[in-house]
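The analysis underlying the following values was restricted to heavy atoms, covering all of them including side chains, and did not include hydrogens, waters or symmetry mates. Letters go in sequence order (proteins before strands), and every chain restarts at 1.
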Amino acid sequence: MRVRRYGSRAALVDLDRPEQVLGLHAALAERPPAGAVELVPAARTLLVRFDRRQTSFERLTGELMRHSIAAAPERARPVVEVPVRYDGEDLADVAAATGLSTSDIAERHAGREYTVAFCGFAPGFAYLTGLDPVLHLPRRATPRVRVPAGAVAVAGEYTAVYPHASPGGWQLIGHTELAVWDVDRDPPHLLGPGTRVRFVPR
Amino acid sequence: MTGKLEVLRPGPFATIQDLGRPGLAALGVGRSGAADRGSLRLANRLVGNPEDNAVVEATLGGLAVRFTGHAVVAVTGAACAIRVAGRAGWPDAPIPVRPGDEVELAAPERGLRSYLAVRGGIDVPPVLRARATDTLANLGPPALSPGTTLPIGDRTRAYPGVDLAPRPSIPDEPVLRVTPGPRRDWFTGDALATLVSAPHEVTAESNRVGIRLDGPRLRRRRTGELPPEACVPGALQVPPAGQPILFLADHPVTGGYPVVAVVEEDDLDLAAQVRPGQRVRFAV
């Protein structure tokens, strides 16, 4: 763990693995350090914004170093089942790139449990880790102008469900009718950091 | 006091803004809200509103609105000529408005963003508890267009008992204070010295998301890609070409370019008022 200054009101904790980010995020969410006002996990980092009137970078760093980065116990984390129809527009390209049949792709994708590592790119867009390395593929050379809401996609080490229609460069392998994000719902998200996810073929 | 406000002309670009959606970054939702938060707060205080009421953020003036009822308004931020039913009105002061009056904001001589507050606040439906338009995430009401009708709410406080709250004008070459960013080690050792060594020009590729700057090129020591990491307003993110982008209100929640330095939050209101073509300096 290494803590870096991020301006005068935030610290960025560098970690080696996504599980450590989740572990530290869970530990800090349960027992926030004095003066911490927001925690934002990402791929290998956790941003901690703080109130300068209540703490300092040095004091916060001292408190952060005392926390565990061990992964949070699984049973403590919610599970969301996402029903999927594996009919994505890029299935043929993914099959060609991996040498798998389309049914193998569905089986490999649905055969694992995932964890939301972090959200970003767009509101409610959750990066899920745990993807079979065979399905680790680069983004499309040309991003689509519009990916529909509910598209299930892969890129790099992640899989995701597009929370709303948006431009996007991920490889589309299926779609779900489940609304993973709805601004009129409270809370709006189903897939927050640390949530476990299973894809169920339909 | 409640009534409606009709947009006759929005000017080059106008949105509804309040203090935004803090605390949701872990869900991929940025804070957004007024680019110049101090001016939003002042506009609200002048008309006896809570500081977080929704107002109109006008870019380079040109805004014209008509009121259906009696109202009290105030214009802050970039100082511009104001006409109320054809009569001159003062910026940074409460102005009474009668039914049918048109309020017009001319283009400001200095600065970029002006704020029009109305007593009671603009009462469009909130999205995730805020009425701000996040132009990057596409949250909140659409940008104003001719014919948009905005309801006026009834969230008020006592009047402040102030007739005028003058503010310093925006300098020709504003100085923005920076502190080190988390990825200074991705750059050569002289990167911060280079950053402060010469003025940067604000390019036309600037908006509520960020300001693309043109100045001395910052050189990388490390190449390769940075996994996405959380960003804050004021972050100076540096793409490989070496020219920084200063993140403003609608910045992405996570970014993949290294952040060399961060502009102090107290200076971001000023940064939000710098026009394309103007120059800024950074100071450590």
Less than 4.5 Å to any heavy atom of chain A: does that hold for the side chain of [X], its backbone, both, or neither?
{"X": "B:L136", "result": "neither"}
{"X": "B:E264", "result": "side chain"}
{"X": "B:N138", "result": "neither"}
{"X": "B:R21", "result": "neither"}

ask   = Are the aromatic ring centres of A:Y127 and A:F121 under 6.0 angstrom apart?
value = no
query = What about the rings of A:F125 and A:H189, do their centers lie closer together than 6.0 Å?
reply = no
query = Taking the side chain as C-beta and beyond, is there a heavy-atom pair between B:V238 and B:Y257 under 4.5 Å?
reply = no
message = With a 4.5 Å cut-off on side-chain heavy atoms, are A:R9 and B:E265 touching?
response = yes
key: Option from B:N53, B:D18, B:D123 for which side chain to side chain donor-acceptor pair (under 3.5 Å) with B:R131 holds   = B:D123
key: Partner chain A: residue of B:V29, B:V232, B:T254 with the largest heavy-atom pair count (under 4.5 Å)   = B:V232
message = What residues of residues 84-91 of chain A make heavy-atom contacts with chain B at a cutoff under 4.5 angstrom?
response = none
ask   = Can you name the residues of residues 148-187 of chain A that have some heavy atom under 4.5 Å away from a heavy atom in chain B?
value = A:W181, A:V183, A:D186
query = When the ring planes of B:F247 and B:H251 are compared, do they come out parallel, tilted or perpendicular, using 30° and 60° as the limits?
reply = parallel
query = Do you know the tightest heavy-atom contact between B:I122 and B:V56?
reply = CD1-CG2, 3.5 Å
inquiry  = So that I can tick it off, tell me whether B:R279 and B:E201 are bridged by a salt bridge, with the cut-off set at under 4.0 angstrom between side-chain N and carboxylate O.
reply    = no
note = So, the part of A:L12 with a heavy atom under 4.5 Å from chain B: the answer is side chain
